[in-house]
Protein chains: 2
Amino acid sequence: MEYQEAKEKFISTWGSLGTLWGINKAMAQIQSLLFISTKPLSMEEIMEELKISRGNTSMNLRQLMDWGIVTKELIPGERKEFFTTEKDVQELARHIAKERSRREIKPVIKILKDVSSIKDDGTEKTKELIKQTKALYDLAETADAMMNKIVNQEQNWMTRSLLKLIK
Amino acid sequence: MEYQEAKEKFISTWGSLGTLWGINKAMAQIQSLLFISTKPLSMEEIMEELKISRGNTSMNLRQLMDWGIVTKELIPGERKEFFTTEKDVQELARHIAKERSRREIKPVIKILKDVSSIKDDGTEKTKELIKQTKALYDLAETADAMMNKIVNQEQNWMTRSLLKLIK
DNA sequence: CTAAACTTTCAATAATTTATGAAATATATT
DNA sequence: AATATATTTCATAAATTATTGAAAGTTTAG
């Protein structure tokens with residue numbers, strides 16, 4: 001496999017993985033393009049490379065910046081804006097995990113808590129609803145806490161966390 | 001909040017969470033309906049409850065069965081088929097984690113491995129591609145291993161894993 | 001201040017995904 | 001075997017989501 005083929009394979013794989021996880025294709029592809037680029041890229045270059053429109057590029061770059069994994073780079077003497085992504089995979093994972101917890105997990109946990117706290121009217125179906133949503137609440141909270149714990153450790157957290165677990 | 005409201009809130013929240021994570025709404029809703037039901041439900045009852053068509057119900061039940069989280073229940077004397085979902089949240093999480101690893105993570109890891117193994121032609125861009133995809137490969141493999149480790153422990157694995165990590 | 005370079009917004013459109021419903025198939029009952 | 005009941009399939013419709021491109025908005029340079 002040559003460079004070009006490998007690059008395309010990487011970008012398209014990442015794009016479709018994104019889709020599978022509820023992230024849109026262009027967004028995932030822009031990020032992966034930046035991830036393997038040796039230098040910051042301009043909007044023009046991204047459009048060109050991925051064959052997507054200006055509007056699409058602009059909107060998805062904004063989203064990536066909202067997620068905190070892409071930043072504008074100002075290059076002296078250049079009028080255009082350039083973009084880079086977080087290059088450290090662990091840092092990247094940390095950002096994504098944090099954001100996803102905040103945006104998606106936490107609100108659901110809140111609702112599970114509310115639902116599992118309804119008044120027990122003594123009927124079987126109410127008991128079941130309370131019991132099951134309570135169990136889900138506990139699981140979600142533990143999983144979320146665990147995630148944050150793992151992710152908020154210093155360098156090499158993942159490997160070290162894994163070692164701990166294996167013991 | 002009364003039973004009916006709580007129930008609807010739970011089902012619709014679960015449905016939209018599903019959507020966010022690349023699982024379709026009907027599938028998530030059927031599963032959540034079964035999850036809080038006190039007895040197995042027939043296709044008829046599911047359709048009625050969620051106001052979805054017969055075809056939709058049939059297709060999504062099949063998918064849930066493919067995922068291994070819903071099973072057919074044969075009720076003596078009944079001609080219809082009835083369905084239940086795994087009621088134990090930890091067992092449920094285990095199933096989902098395993099399947100997701102097998103279907104989605106493993107194939108991507110494979111591709112990352114391939115891409116990161118291309119011949120180093122000495123150019124900067126090739127070096128970067130190799131370096132970055134290698135880092136991603138390592139991360140993905142560690143994360144996947146960790147997931148499986150956590151999930152393949154006996155009862156209360158999650159709480160116990162968390163305790164280990166806190167120490 | 002004005003013009004050029006560049007970016008953002010957003011209505012229109014395209015692409016993709018999901019849902020419907022009726023015909024086809026399968027299974028059970030008499 | 002014939003009939004009734006139940007389930008699946010699949011072409012088509014509907015809904016949702018992503019993309020385009022051109023107009024509007026910004027910023028910088030002269």
Side-chain angles (χ1 to χ4, degrees), chain A residues 11-34 40-67 70-84 103-104, chain B residues 11-34 39-67 70-85 103-104:
Chain A
I11 292 173
S12 85
T13 302
W14 220 237
S16 49
L17 185 70
T19 301
L20 208 55
W21 286 76
I23 288 155
N24 101 351
K25 200 177 95 191
M27 191 171 153
Q29 291 193 337
I30 293 172
Q31 198 277 328
S32 59
L33 177 63
L34 293 173
L41 299 180
S42 68
M43 234 174 72
E44 214 69 42
E45 291 170 306
I46 296 168
M47 289 166 57
E48 157 69 18
E49 189 84 45
L50 302 177
K51 307 272 181 273
I52 59 179
S53 72
R54 186 174 299 283
N56 200 1
T57 308
S58 171
M59 287 165 100
N60 286 104
L61 277 170
R62 155 168 297 287
Q63 283 213 74
L64 285 163
M65 289 188 286
D66 289 349
W67 271 82
V70 161
T71 47
K72 273 186 191 163
E73 195 90 349
L74 297 172
I75 295 191
E78 284 279 8
R79 180 100 167 248
K80 288 197 201 78
E81 294 175 326
F82 288 77
F83 301 88
T84 40
R103 300 179 187 208
E104 299 165 7
Chain B
I11 292 173
S12 83
T13 301
W14 219 236
S16 48
L17 185 71
T19 302
L20 208 54
W21 285 75
I23 287 153
N24 101 350
K25 201 176 99 191
M27 192 170 153
Q29 292 193 337
I30 293 171
Q31 198 277 328
S32 59
L33 177 64
L34 293 173
K39 59 179 206 326
L41 300 179
S42 67
M43 235 174 71
E44 213 70 43
E45 291 169 306
I46 294 169
M47 288 166 57
E48 159 69 18
E49 189 85 44
L50 302 177
K51 306 275 184 270
I52 58 178
S53 73
R54 186 174 299 284
N56 199 4
T57 308
S58 170
M59 287 166 101
N60 285 106
L61 277 169
R62 156 169 298 286
Q63 283 214 71
L64 286 164
M65 288 188 287
D66 288 348
W67 270 82
V70 161
T71 47
K72 273 187 190 162
E73 196 91 348
L74 297 173
I75 295 189
E78 283 280 10
R79 178 102 164 244
K80 288 196 200 78
E81 294 175 326
F82 288 77
F83 300 88
T84 42
T85 190
R103 298 180 189 208
E104 300 165 8

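Quick note: numbers below take in every heavy atom, side chains included, and nothing from hydrogens, waters or symmetry partners. Here is how names work: the chains are called A, B, and so on, in the same order as the sequence lines, proteins then strands, and each is numbered from 1. Values in this document were obtained by computation on a predicted structure and should not be read as measured data.
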Looking at side-chain heavy atoms only, is the closest gap between B:Leu34 and B:Thr84 below 4.5 Å? no
CD1/A:Ile23 to CH2/B:Trp21 distance, rounded to the nearest 0.5 angstrom? 9.0 Å
Where protein sits on nucleotides 18-30 of chain D, one letter per nucleotide: B base, S sugar-phosphate only, - none, heavy atoms under 4.0 Å: SSBB-----BB--
Grab the NZ-C1' distance between B:Lys80 and D:dT8 for me, whole Å please. 17 Å
Could you measure the distance from the CD1 atom of B:Ile30 to the CG atom of B:Leu50? Nearest 0.5 Å is fine. 6.5 Å
May I ask you to decide whether B:Lys39 forms a salt bridge with B:Glu45, counting only side-chain N to carboxylate O separations under 4.0 Å? yes
Round to a whole Å and report the spacing from CE of B:Met43 to P of D:dT8. 7 Å
B:Arg54 and B:Glu44, any side-chain heavy atoms less than 4.5 Å apart: yes
Within this structure, what is the OG1-CG distance for the pair B:Thr57 and B:Leu64, rounded to the nearest 0.5 Å? 11.0 Å
Go through DNA chain C in 5' to 3' direction and return only the first and the last nucleotide with some atom under 4.0 Å of chain A's heavy atoms. C:dA4 to C:dC10
Looking at every heavy atom in both A:Leu33 and A:Ile46, which two are closest together, and how far apart are they? CD2-CA, 4.2 Å
Starting from P on D:dT7, measure out to CG on B:Leu61 and report it in whole angstrom. 10 Å
Checking all strands, does A:Glu81 fall into the base, sugar-phosphate, or nothing category for heavy-atom contacts under 4.0 angstrom? sugar-phosphate
Provide the closest heavy-atom pair for B:Gln29 versus B:Ser12 in the form atom of the first, atom of the second, distance. NE2-CA, 3.9 Å
Between CG of A:Asn56 and CE of A:Met43, what distance do you get to the nearest 0.5 Å? 10.0 Å
In Å, rounded to the nearest 0.5 Å, how long is the span from CE of A:Met27 to CH2 of A:Trp67? 6.0 Å
Return one dot-bracket line describing DNA chain C 5' to 3' (Watson-Crick or G-U wobble pairs, both distances under 3.5 Å; ( ) same strand, [ ] crossing, | another strand, . none). ||||||||||||||||||||||||||||||
